[in-house]
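Worksheet: one structure, shown below.
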Amino acid sequence: MLTVLGRRSSINVQKVAWLLAELDVPHRHIELGGDFGGLDTPEFRMMNPHGKVPVLKDGDRVVWESHAILRYLAAMHGEGRFWSDDPAERAQVDQWMEWSETVLQKDFIGGVFWGFYRTPEEQRDWRFIHRSVEQCAQHFTLLDEMVGDDGNLLGDDLTLADITVGVHLYRYFNLDIKRPDIPGISAWYERLQQRDGFREHVMVPFDELSGKMAF
Ligand SMILES: N[C@@H](CCC(=O)N[C@@H](CS)C(=O)NCC(=O)O)C(=O)O
């Protein structure tokens, strides 16, 4: 039986939980990190020396880093869906996954979510926040046309690219920030909400994280 370790309020844990729901793979989920604690124990550090979630256990195998976990799960259980066996198609997915982590997640989670939402009001750096909000607006404007009228980032089928990018949308559309008109992204967000895994694992209230910088 697969085990996912990590608090459900973590966006990186949400990526893994969403994919597992799409794959319909039986697993158990243990909440760890944040107020649940448990990341500093020798047992946890043996699994992930960095003391971060998510961690996936598959028998004696342990995988950490959310995107490595997504690829592992897709390769093991996806039968070519989500992350193609074809190197050229897989590279298309990989490039968006890399971009999502190094650019979008940096500007949205690192800049907007941490800078604005997780930072207590009196400590906020508004220049940094405004710049990050503006960068996110540019990113989503760039993606706006890609998702088309009824598809996903790379066509009709949902891939790991959609999971790593799409996981940001619930927070992006529910924060009190300035957003440009991005009809394609808004419609894509609506479509993702038709998916059980997205509703259950991504549309998770995040108010417990407001003004909380401790973890
Ligand atoms: N690049 C890592 C980031 C891991 C990470 O920073 N995880 C955060 C949660 S999103 C964490 O473990 N924070 C400590 C805590 O939740 O207590 C990944 O994608 O898995």
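Atoms within each ligand, like the ligands themselves, are counted from 1 in listed order. Keep in mind that this is a model prediction, so the values were computed, not measured.
Residues Y117 and F206 bring their aromatic ring centres within 6.0 Å.
Nearest protein neighbour of atom 19 (O) of ligand 1, counting heavy atoms only, is S66 OG, 2.6 Å. Shortest contact from atom 3 (C) of ligand 1 to any protein heavy atom: N12 ND2, 3.6 Å. With respect to atom 15 (C) of ligand 1, the closest heavy atom belonging to the protein is G34 N, 3.5 Å. Atom 6 (O) of ligand 1 has K52 CD, 3.6 Å as its closest protein atom, hydrogens excluded (heavy atom only). Protein heavy atom closest to atom 10 (S) of ligand 1, with residue, atom name and distance, is S10 OG, 3.1 Å.
Geometrically, R171 engages F113 in a cation-pi contact, judged by NZ or CZ lying under 6.0 Å from the ring centre and within 45° of the ring axis. Cation-pi contact between R191 and F198: absent, since separation from the ring centre below 6.0 Å together with deviation from the ring axis within 45° is not met.
A continuous path of Ile, Leu, Val, Met, Phe, Trp and Tyr side chains, each step under 4.5 Å between heavy atoms, connects L169 with W114, placing both in one hydrophobic cluster.
Between R7 and D35, no side-chain nitrogen of the basic residue sits less than 4.0 Å from a carboxylate oxygen of the acidic one, so the salt-bridge criterion is not met. Comment: R71 engages E98 in a salt bridge, judged by a side-chain N to carboxylate O separation of less than 4.0 angstrom.
At a heavy-atom distance under 4.0 Å, only side-chain atoms of R7, from C-beta outward, approach ligand 1. Residue-level proximity to ligand 1 for E101 is carried by the side chain, the only part with a heavy atom below 4.0 angstrom.
Of the N or O atoms in P54, none lie within a sub-3.5 Å distance of an N or O in ligand 1. No N or O atom of K15 sits closer than 3.5 Å to an N or O atom of ligand 1. Annotation: V53 places an N or O atom under 3.5 Å from an N or O atom of ligand 1; distance criterion only. Backbone and side-chain nitrogen or oxygen atoms of E65 are examined, and one is located within less than 3.5 angstrom of a nitrogen or oxygen of ligand 1.
A donor-acceptor contact shorter than 3.5 Å links the side chain of D144 to the backbone of G184. Judged purely by atom type and a 3.5 angstrom limit, S100 uses its side chain to pair as donor or acceptor with the backbone of T164.
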In a table with atom names and distances, give each donor-acceptor pair under 3.5 Å that connects a side chain of residues 145-154 to protein atoms at least two apart or in another chain.
unit_1 : atom_1 : unit_2 : atom_2 : d
N152   : OD1    : W188   : NE1    : 2.9
N152   : ND2    : D156   : O      : 2.9

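Residue G33 approaches ligand 1 through these ligand atoms, each under 4.0 Å from one of its heavy atoms: 17 (O).
Comparing V55, L39, I109, N48 by heavy-atom distance to atom 14 (C) of ligand 1, the nearest is L39.
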